[in-house]
Amino acid sequence: MLPKEPALTTRQRLAGDRHRPRYHFQPPSNWMNDPNGLIQWNGQYHLFYQHNPNGPLWADMHWGHAVSDDLLHWTDLPVALAPTPGGPDEAGVFSGCAVNNNGVPTLIYTGTRGEHNEIQTQCIASSDDALLTWRKYPGNPVLDRMPDEAGQTRDFRDPFVWQDGDTWYMALGSRIQDVGGAVFLYRSPDLIHWEYLNPLLVGDIHRHGVTWECPNFFKLGDQWVLIISSHMGNYTASVLYFAGSYENHRFTPRCEGVLDYGTLYAPLTLLDDRERRILFGWLREDRPAEAQKAAGWSGVQSIPRVLSLDAHNRLNTAPIPELATLRGRHYHYGPQDGAALAVSGLALDIVAAFETTAAGLCGISVACSGDGRKRTDIVYDVATQRLAVRKITPELFDITTTQARDVPHPLAAGEPLQLRILLDGSVVEIIANGRTSLTSRIYPLPTDGDHVQVIGAPALQSLDIWEMSSIWHL
Ligand code: DQQ
């Protein structure tokens, strides 16, 4: 086996890749998926993540680990959890969370066994050296039995744990056979002995999908919010939220919505010491496995987002304000200035507002080739109230059959369209009016230009664009 390349050298080697983000977190190389174990410890933020340290495709799940003072700049730390041969996680250390157990940092995760990871049980591990190394509890698994009402024994994973008084609660992702995705609720006095209470919520198989993964359950303002990731078989509406009340271990949702319509999946939240509920999500790739293998990396974490509920109890997401510290050169355009922009770049933070009083299209094109033929349009149709991301790559797609994702974004009468666009190589995070999220990936990026253009310039109210600096010192 070749000696392991230092993380920084790996990052330097891959830094010239035009598709690779500059200000979003990624491991030095290889595969990453779900964020795991988010926790603030002694003021620092710890991010763990599903990781295959040996290749750029999903396999052999470990927990990678990085630490940050500001949620933006990260230091790579050694892999935190690896499968233990012969143990309950021998086939993979799947997703989970982290808690402070009376001063002891503790990870709660799903261990898998079997050729298809079909034996799923819940395990714990703790650290006594400030989260650097982890000791698995010798009595693992601490929870190996699904409720009988599930009617199946395969899908039982991704513990999300919180404390209320002296009692720990765990929400587990699962499903009820032929009924739909489900989250099961457990409680424990010590993180070791778990008692099943009842389903926290059961979905409708047709509307909410077959299996629910990666639940998050927390109080936000005066509501309780449940977030789940659902296998819908495509990238549309697969991360859902429910908001409502929670009493006597029963959750009663009063409204539901889509957290992201695009490539963001398996998000995990933490409550930080400023009482902010902060969400990270895995931004999936949108290109074939061969291309991921050739690149040597796969998977990106979203910019952390602060969650809130608006007056209609819709879940709003906003990139953390700390992101402004990465902003460099600034361009501002007013209502008359949108026709020709002198901006280009693949690492940009864009804030735009458009009037929506007259029918028409408005939005922003990014990653435009010199001749404007290849580009990615983020475009709103005022008449249909739909927001689309449309990738126009004439050599791959006929200009009339572009690759598009098109989602509802209703605006109140007279409400302007507000777009926040975080472009970073192949990543484009799009948030409209704080409440419609449509993350996307742009593959391939044109090689002959990376210009920005306005769509529907007469409707432009204001446009601010910042060039963003890299979070890595390479
Ligand atoms: N990813 C993990 C599972 C989880 C899924 C495995 C969601 O624990 O259900 O890598 O992306």
Side-chain angles (χ1 to χ4, degrees), residues 27 30-38 47-65 79-83 88-98 107-125 141 143-144 146 150 152-161 170-175 181-184 203 208-217 226-235 237-240 259-260 262-269 279-286 289 292 298-302 439:
N30 291 327
W31 171 274
M32 172 174 70
N33 54 305
D34 317 350
N36 291 155
L38 292 173
L47 164 66
F48 301 84
Y49 51 88
Q50 288 284 279
H51 185 40
N52 175 3
N54 301 312
L57 298 183
W58 186 93
D60 193 23
M61 283 297 109
H62 290 56
W63 277 32
H65 186 189
V79 160
L81 293 176
D89 57 14
E90 67 177 356
V93 183
F94 273 23
S95 287
C97 62
L107 308 179
I108 305 128
Y109 65 94
T110 300
T112 73
R113 289 168 51 222
E115 202 183 333
H116 303 288
N117 305 97
E118 68 274 17
I119 303 168
Q120 305 188 345
T121 57
Q122 317 316 319
C123 302
I124 63 176
L143 176 56
D144 64 357
M146 303 193 55
Q152 53 90 23
T153 54
R154 275 187 87 106
D155 293 302
F156 183 52
R157 57 181 175 272
D158 311 334
F160 182 86
V161 175
M170 178 196 288
L172 263 178
S174 189
R175 66 187 168 90
V183 171
F184 293 123
H208 305 120
V210 176
T211 305
W212 286 356
E213 302 180 311
C214 301
N216 286 245
F217 189 58
L226 175 68
I227 297 173
I228 58 93
S229 294
S230 171
H231 268 314
M232 305 290 277
N234 57 33
Y235 278 168
S238 51
V239 183
L240 308 175
L259 190 141
D260 182 74
T263 61
L264 188 150
Y265 194 71
L268 182 65
T269 65
L279 174 140
F280 285 68
W282 166 36
L283 306 184
R284 295 176 287 195
E285 295 299 325
D286 216 355
Q292 296 174 44
S298 177
V300 181
Q301 294 300 329
S302 68
T439 55

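Atoms within each ligand, like the ligands themselves, are counted from 1 in listed order.
Atoms of ligand 1 lying under 4.0 Å from at least one heavy atom of D34, given by number and element, are 1 (N), 2 (C), 3 (C), 4 (C), 5 (C), 7 (C), 11 (O). Close approach of ligand 1 to M61 (heavy-atom distance below 4.0 Å) involves ligand atoms 10 (O). Counting the atoms of ligand 1 from 1 in the order shown, those under 4.0 Å from a heavy atom of Y265 are 7 (C), 11 (O). In the vicinity of Q50, heavy-atom distances shorter than 4.0 Å reach the ligand 1 atoms 2 (C), 6 (C), 10 (O).
Annotation: side chain of R157 is not in contact with side chain of T112 (no heavy-atom distance under 4.5 Å). L279 has its side chain within reach of I227: a pair of non-hydrogen atoms, C-beta onward, lies under 4.5 Å apart.
Of all non-hydrogen atoms in F160 and F217, the two that sit nearest each other are CE2-O, 3.1 Å.
Of all the listed residues (D158, T211, D155), D158 holds the heavy atom that lies closest to atom 3 (C) of ligand 1.
Of the possible polar contacts, one joining the H51 side chain to the W31 backbone as a donor-acceptor pair under 3.5 Å is found.
When heavy-atom distances to ligand 1 are checked against a 4.0 Å cut-off, T110 has no atom that comes that close, whether in backbone or side chain.
Using a 30° and 60° split on the angle between ring planes, H65 and F48 fall in the parallel class, below 30°.
Results of the side chain to side chain donor-acceptor pair (under 3.5 Å) test with T110 over Q122, Q120, E213 single out Q122 as the only residue that passes.
Here's the thing with W282: none of its N/O atoms is less than 3.5 angstrom from an N/O atom of ligand 1. For the pair S95 and ligand 1, the shortest N or O to N or O distance falls below 3.5 Å.
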